[in-house]
J.: 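Structure in structure tokens, see below.
Naming: A, B, ... by sequence-line order, numbering from 1 per chain. Below, all heavy atoms of this structure are taken into account, side chains as well, without hydrogens, waters or symmetry copies.
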Amino acid sequence: MQDAIRAAQSDGSLPAFDVPAVDIAPPKRPEHGDYATGAAMALAKPAKLNPFAIATAIANHLPPADFIGAVEVVHPGFINFRLNDDWLRAQTEQIIAEGDALFTLDLGAGKRAQVEFVSANPSGPINVGRSRGGVIGDTMARLLEAAGYQVEREYYFNTAGRQMRNVGNSLRIRYLEALGKPITIPDESDESFYRGDYLIDFARDLAAEVGESWVDHDWQPFKEYAEKRMFAWIRASLERVRIHHDVFFNENTLYESRAIWEVLEALEERGFIYRAAIPENADVDERDEADDKGEAVWFRSTRFGDSKDRVLVKSSGEPTYTLPDIAYHKNKLDRGFDLLINVLGADHGAQYKVVQYGISALGLDASKIHVIINQMVRMVRDGKEFKGSTRRGIYDTLDDVIDMTSADAVRYFLLARSPDSHLNFDLDLAVRQSNENPVYYIQYAHVRCAGIFREAALRGVSDEGADVRLLGEPELKFLRKVMELGEVIAQAVELYEPHRIAFYALELANAFHPVFDQVRVLHSDVPPALAKARLRFYRAAQIALRRTLNLMGMSAPEHM
RNA sequence: GUGCCUGUAGCUCAGUGGAUAGAGCGUCUGCCUACGGAGCAGAAAGUCGGGGGUUCGAAUCCCUCCAGGCACGCCA
């Protein structure tokens, strides 16, 4: 397109103006072609010509290409393109040749990307809310791989804080309980006590393992035991939905390596640090409290537009969460990734801003870091929201939801929404309609392909030596949809919107089923040469469907 | 109160400044002597939360109001 505009300018068909980026996209209505652009309308002003004349000039200067069929210019100035039918038929062989690597792009060739997601501390089983970030992150990673990136999946966690100490203490109480020792379970108002049933199970196992030998131990070994068990559980739950991480990064290593203190020094050298009891821009209320507090170390985040400065080191000498968070992101950048993606729940969105300010304050390139903030998952049952509680037998753990539906359904449900959209997970619907949801519609398309090949094998029909030029219009319609996959991957990666693949999958299945209904392979009316060609087509279709399912981390079943 | 997110068909949600706003589910009407009917063909169903503005053109960008969610600690 841009070449055509330049060519038109150079021979005087169009006046001189800066050639803009041109959007070409499949239009909503099929009669408007396979791809269309309204670029001429946008150029009307700089070119000082009417849009139809511009569109005509561009169309006349388009460089020849074998994949372009008809080009038409339509009032008020749209240019509509149609793919060349023979080129499209030939794509059948191309799709089969590419196989499971179908539409692997070179966007990220030679580049390394890292996706950090889930990152839940091992204090309890993973819930559906966190799993949403898990599915988004893993799908993003799969899409980045398809775009050509070398991808690392990372899980960041902290086991040194109060949260895990409380888990250790809670397990210790349950352990003593399991041994029949006199103990008192803290009441509901004590939020430091973890009430989940799983700690009772852990305690029983531990008691069986070590007997009474731990009765005089403090919380520490209990914490370590719980941590080990919890991580094994979380990893196993994630594995059920085909999520795994390459690197588990312990925040503690940033303390051990003194990395956090180096970051603090660097910020200080750059003038972003001061020590005071209250922030420099404190309001009246805070001034009143000044006497009660010792001196803390502050980060001048207000220089970056933050509403207030942030404490990095408390008056007790202990760092807040913010300091290691900044150090962690510096660490990621130091590891030389070209692209860093961080999948966070909405409840961590504000904290991320401060990290971004910290990275900028260090003089590092914050533009390599991209955050996908996903909104909360609301669990709904009987039309009402509920908060999950394993103890009370109300399900919101990933395991529970998988058990009630399926791993594939969970992946699809959690993926098929814009991350910005609040997600209502209706348990009744997920359970009751598990056979009616889009997951099965998509997978069924793949199953139907598999069915054809089973039947073809029985009847001794093969696609060897097929002539794809025999394929008809219904098949071409489906191939046009397949050809959009590359653009879907590119957009999902460039916009950090992995949910796009889920909607594409539905469209692909939607394009498939009518063809299946209409285009028979193993029927007496179908001449052998045509049957071969059609079988070849279904082989390509199956590959495209499987590729799409794989990108979503879903299985491509042969039977249902 | 401030910041971020959301508001589109009965429900759950897509939608890139473009042409007549889409899908799944639900509802209604047809289609099983053809490779799996978990399917196909079709229909009904919309003040794109309200109001202004920018633009040749707005669900999309800007302002404002309304409604809902999340976050706003020397917690982690």
Side-chain angles (χ1 to χ4, degrees), chain A residues 23-29 31-32 36-39 41-42 44-45 50-51 74-78 80 121 123 158 160-164 166 277-279 289 292-298 306-308 310-316 318-321 345-351 353 373-376 378 380 413 416-426 429 433 435-441 443-445 447-456 458-459 461 491 495 499-500 502-503 506-507 510 512-526 531 534-535 538 559-560:
Chain A
D23 273 343
I24 300 183
K28 288 172 189 166
R29 306 183 64 78
E31 61 267 32
H32 294 142
T37 178
M41 265 98 78
K45 197 162 270 183
N50 80 66
V74 174
H75 279 102
F78 291 103
N80 299 334
N121 287 337
S123 59
N158 165 284
R162 199 169 67 188
Q163 197 184 6
M164 288 306 295
N166 289 339
I278 55 168
E289 297 168 21
D292 307 337
K293 294 180 176 176
E295 220 171 47
V297 179
W298 296 80
D306 202 354
S307 55
K308 56 188 139 189
R310 307 287 165 173
V311 172
L312 294 184
V313 184
K314 296 182 249 178
S315 52
S316 65
E318 237 184 315
T320 62
Y321 238 56
D347 50 347
H348 291 84
Q351 172 68 8
K353 281 300 225 185
I373 291 176
N374 63 277
Q375 297 299 314
M376 302 283 93
R378 230 168 122 247
V380 177
F413 264 64
R417 264 158 197 77
S418 157
D420 284 339
S421 160
H422 302 259
L423 194 156
N424 290 318
F425 200 109
D426 188 329
L429 201 72
Q433 301 191 331
N435 281 0
E436 293 155 35
N437 67 43
V439 175
Y440 299 89
Y441 184 75
Q443 290 180 324
Y444 187 46
V447 168
R448 286 180 128 179
C449 288
I452 294 175
F453 285 100
R454 273 194 301 276
E455 190 61 27
L458 286 176
R459 302 194 195 181
V461 178
Q491 284 207 338
L495 301 171
H499 69 284
R500 285 169 180 273
F503 288 93
L506 200 54
E507 289 172 16
N510 221 332
F512 175 84
H513 289 298
V515 181
F516 178 89
D517 227 49
Q518 227 176 314
V519 182
R520 297 283 151 172
V521 177
L522 306 169
H523 189 252
S524 51
D525 293 350
V526 182
R534 289 179 171 177
L535 198 56
Y538 282 113
H559 304 270
M560 286 182 85

J.: Answer with base, sugar-phosphate or nothing: what part of the nucleic acid does A/Ala36 contact at a heavy-atom distance below 4.0 Å?
T.: base
J.: For the side chain of A/Ala296, starting at C-beta, report the closest nucleotide among B/A38, B/C74, B/G37.
T.: B/C74
J.: How does protein reach along nucleotides 11-16 of chain B, written 5' to 3' as B (base within reach of a heavy atom under 4.0 Å), S (only sugar-phosphate), or - (no contact)?
T.: -SSSSB
J.: Find which nucleotide of RNA chain B each of A/Asn80 and A/Val519 is nearest to by heavy atoms, and output the residue with the more 5' nucleotide.
T.: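 Going by which nucleotide is closer to the 5' end, it is A/Asn80.
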J.: At less than 3.5 Å, do the side-chain atoms of A/Asp517 and the base atoms of B/A34 form a donor-acceptor pair?
T.: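 Answer is no: no donor-acceptor pair is held.
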J.: For the P atoms, the ones on B/C31 and on B/U6, what distance do you get once it is rounded to whole angstrom?
T.: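 Rounded to whole Å, the distance is 45 Å.
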J.: State whether A/Lys314 places a side-chain N or O below 4.0 Å from either non-bridging phosphate oxygen (OP1 or OP2) of B/A76.
T.: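 For B/A76, OP1/OP2 do have a side-chain N/O of A/Lys314 under 4.0 Å.
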J.: If the condition is salt bridge (Lys or Arg N to Asp or Glu O under 4.0 Å), which residues does A/Glu455 pass it with, not counting sequence neighbours?
T.: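 With sequence neighbours excluded, A/Glu455 shows a salt bridge (Lys or Arg N to Asp or Glu O under 4.0 Å) to A/Arg459, given in chain and number order.
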J.: For nucleotides B/G22 and B/A59, find the distance between their P atoms and express it as a whole number of Å.
T.: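 B/G22 and B/A59 have their P atoms separated by 13 Å.
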J.: Just to be sure I understand the rule, does A/Tyr441 reach a base, reach only the sugar-phosphate, or reach nothing, if contact means heavy atoms closer than 4.0 Å?
T.: sugar-phosphate
J.: According to salt bridge (Lys or Arg N to Asp or Glu O under 4.0 Å), who are the partners of A/Arg448, at least two apart in sequence or on a separate chain?
T.: none
J.: Dump the pairs, protein N or O against N or O of nucleotides 29-32 of chain B, anything under 3.5 Å, distances to one decimal.
T.:
none

J.: Is A/Tyr440 near enough to B/C25 that one of its side-chain N or O atoms lies under 4.0 angstrom from OP1 or OP2?
T.: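 It does not, given that no N or O in the side chain of A/Tyr440 lies less than 4.0 Å from OP1 or OP2 of B/C25.
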J.: Are there runs of at least three consecutive Watson-Crick or G-U pairs touching RNA chain B, with each pair's two distances under 3.5 angstrom? Give them by first number.
T.: B:1-7 with B:66-72, B:10-13 with B:22-25, B:27-31 with B:39-43, B:49-53 with B:61-65
J.: Look at all strands and tell whether A/His513 reaches a base, only sugar-phosphate, or nothing, counting heavy atoms closer than 4.0 Å.
T.: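 Sugar-phosphate only.
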J.: Distance between the C1' atoms of B/C48 and B/U29, in whole angstroms?
T.: 29 Å
J.: What is the distance, to the nearest angstrom, from the CG atom on A/Asn50 to the C1' atom on B/G57?
T.: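 Taking CG of A/Asn50 and C1' of B/G57, I get 16 Å after rounding.
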J.: Under 4.0 Å: is that the gap between some side-chain N or O of A/Asn510 and OP1 or OP2 of B/G24?
T.: yes
J.: Rounded to whole Å, how long is the line connecting atom OH of A/Tyr444 with atom C1' of B/C25?
T.: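 For the pair A/Tyr444 OH and B/C25 C1', the rounded distance is 18 Å.
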J.: With sequence neighbours left out, what residues match A/Gln163 under side chain to side chain contact (heavy atoms under 4.5 Å, CB included)?
T.: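 Residues passing side chain to side chain contact (heavy atoms under 4.5 Å, CB included) with A/Gln163: A/Asn121, A/Ser123, A/Tyr194.
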J.: To the nearest Å, how far apart are A/Met376 CE and B/C5 P?
T.: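 Value for this atom pair: 14 Å.
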J.: Find the distance between CZ (A/Phe453) and CG (A/Leu458) and round it off to the nearest 0.5 Å.
T.: 13.5 Å
J.: How many Å lie between NE2 on A/His348 and C1' on B/G3, as a whole number?
T.: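 Distance check: A/His348 NE2 to B/G3 C1' gives 17 Å.
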J.: Can you tell me how far the CZ atom of A/Arg520 sits from the CD atom of A/Gln518, to the nearest 0.5 Å?
T.: 10.0 Å
J.: In Å, rounded to the nearest 0.5 Å, how long is the span from CD of A/Gln375 to CG of A/Asp347?
T.: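 Between A/Gln375 CD and A/Asp347 CG, I get 9.5 Å after rounding to 0.5 Å.
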J.: Kindly indicate, with the supporting measurements, whether the criterion ring-ring contact (aromatic ring centres under 6.0 Å, His included) is fulfilled by A/Phe413 and A/Phe425.
T.: CA-CA 8 Å; A/Phe413 264 64; A/Phe425 200 109; 5.5 Å; yes
J.: With sequence neighbours excluded, what pairs up with A/Pro419 under the side chain to side chain contact (heavy atoms under 4.5 Å, CB included) test?
T.: A/Ile136, A/Ile372, A/Asn374, A/His499
J.: A/Tyr444: which residues meet the ring pair (Phe, Tyr, Trp, His ring centres under 6.0 Å) condition with it, sequence neighbours left out?
T.: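 Ring pair (Phe, Tyr, Trp, His ring centres under 6.0 Å) check on A/Tyr444 returns A/His513.
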J.: Please report, rounded to the nearest Å, how far the P atom of B/C75 is from the CG atom of A/Leu312.
T.: 13 Å
J.: Using the C1' atoms only, state how far B/C32 lies from B/G24, rounded to an integer number of Å.
T.: 24 Å
J.: Can you see which heavy atom on A/Val519 is nearest to which on A/Tyr538, and at what distance?
T.: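 Reported closest heavy-atom pair: O-OH, 2.8 Å.
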J.: Using the P atom in both, what is the distance from B/G3 to B/G73, to the nearest Å?
T.: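 The answer is 16 Å between these two P atoms.
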J.: Please enumerate all residues that pass salt bridge (Lys or Arg N to Asp or Glu O under 4.0 Å) together with A/Asp306, with sequence neighbours excluded.
T.: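 Checked A/Asp306 against salt bridge (Lys or Arg N to Asp or Glu O under 4.0 Å); matches are A/Arg310.
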J.: Given atom OH of A/Tyr538 and atom C1' of B/C35, what is their separation to the nearest angstrom?
T.: 9 Å
J.: If the C1' atom of B/G7 is compared with that of B/G50, how far apart are they to the nearest Å?
T.: 12 Å
J.: Report the nucleotide, chosen from B/A19, B/A71, B/G39, that has the shortest atom-to-atom distance to any side-chain atom of A/Val74.
T.: B/A19
J.: Considering non-hydrogen atoms only, spot the tightest contact between A/Ser315 and A/Ala296 and give its length.
T.: N-CB, 4.0 Å
J.: Taking any heavy-atom pair under 4.0 Å as a contact, classify A/Gly349: base, sugar-phosphate, or nothing.
T.: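 Nothing, no nucleic acid heavy atom in range.
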J.: Select base, sugar-phosphate, or nothing to describe what A/Arg520 touches, counting heavy atoms under 4.0 Å on all strands.
T.: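 Base, at least one base heavy atom under 4.0 Å.
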J.: Does the B/C74 base have a donor-acceptor partner in the side chain of A/Ser315 within less than 3.5 Å?
T.: yes
J.: Using whole Å, what does the distance between atom C1' of nucleotide B/C35 and atom NE2 of A/His559 come to?
T.: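 Roughly 14 Å, once rounded to whole Å.
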J.: B/G18, B/A76, B/G24: which one has an atom nearest the side-chain heavy atoms of A/Met41?
T.: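 Selected nucleotide (nearest to the side chain): B/G18.
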J.: With rounding to the closest Å, how many angstrom separate the C1' atoms on B/A14 and B/A9?
T.: 13 Å
J.: State whether the aromatic ring of A/His32 stacks on the base of B/A19, taking stacking to mean ring centres under 5.5 Å apart and ring planes under 30° to each other.
T.: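 Given the distance and angle limits, yes, they stack.
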J.: Going by side chain to side chain contact (heavy atoms under 4.5 Å, CB included), name the residues that satisfy it together with A/Ala502, two or more places apart in sequence or in a different chain.
T.: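 Side chain to side chain contact (heavy atoms under 4.5 Å, CB included) list for A/Ala502, sorted by chain: A/Tyr412, A/Leu415, A/Ala416, A/Met552.
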J.: Nearest to the side chain of A/Ala350, heavy atoms from C-beta on, is which of B/A76, B/G36, B/A71?
T.: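 Nucleotide nearest to A/Ala350's side chain: B/A71.
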J.: P atom, B/G57 versus B/A19: distance in rounded Å?
T.: 14 Å
J.: Please determine if a side-chain N or O atom of A/Arg378 lies less than 4.0 Å away from the OP1 or OP2 oxygen of B/C70.
T.: no
J.: In whole Å, what is the span from the CZ atom of A/Phe78 to the P atom of B/G18?
T.: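 In whole Å, B/G18 P lies 9 Å from A/Phe78 CZ.
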J.: Report the residues that fulfil side-chain hydrogen bond (donor to acceptor under 3.5 Å, both in side chains) with A/Glu295, sequence neighbours left out, ordered by chain and then residue number.
T.: none
J.: Let me know, please, whether A/Tyr321 or A/Arg454 comes out on the 5' side of the other along RNA chain B by nearest nucleotide.
T.: A/Arg454
J.: Which label fits B/C28, syn or anti, where anti is any glycosidic angle not within 90° of 0?
T.: anti
J.: When we call it a touch if two heavy atoms are under 4.0 Å apart, what does A/Ala502 touch: a base, just sugar-phosphate, or nothing?
T.: nothing
J.: With sequence neighbours excluded, what pairs up with A/Thr37 under the side chain to side chain contact (heavy atoms under 4.5 Å, CB included) test?
T.: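 Side chain to side chain contact (heavy atoms under 4.5 Å, CB included) check on A/Thr37 returns A/Met1, A/Val22, A/Ile24, A/Ala39, A/Ile79, A/Phe81.
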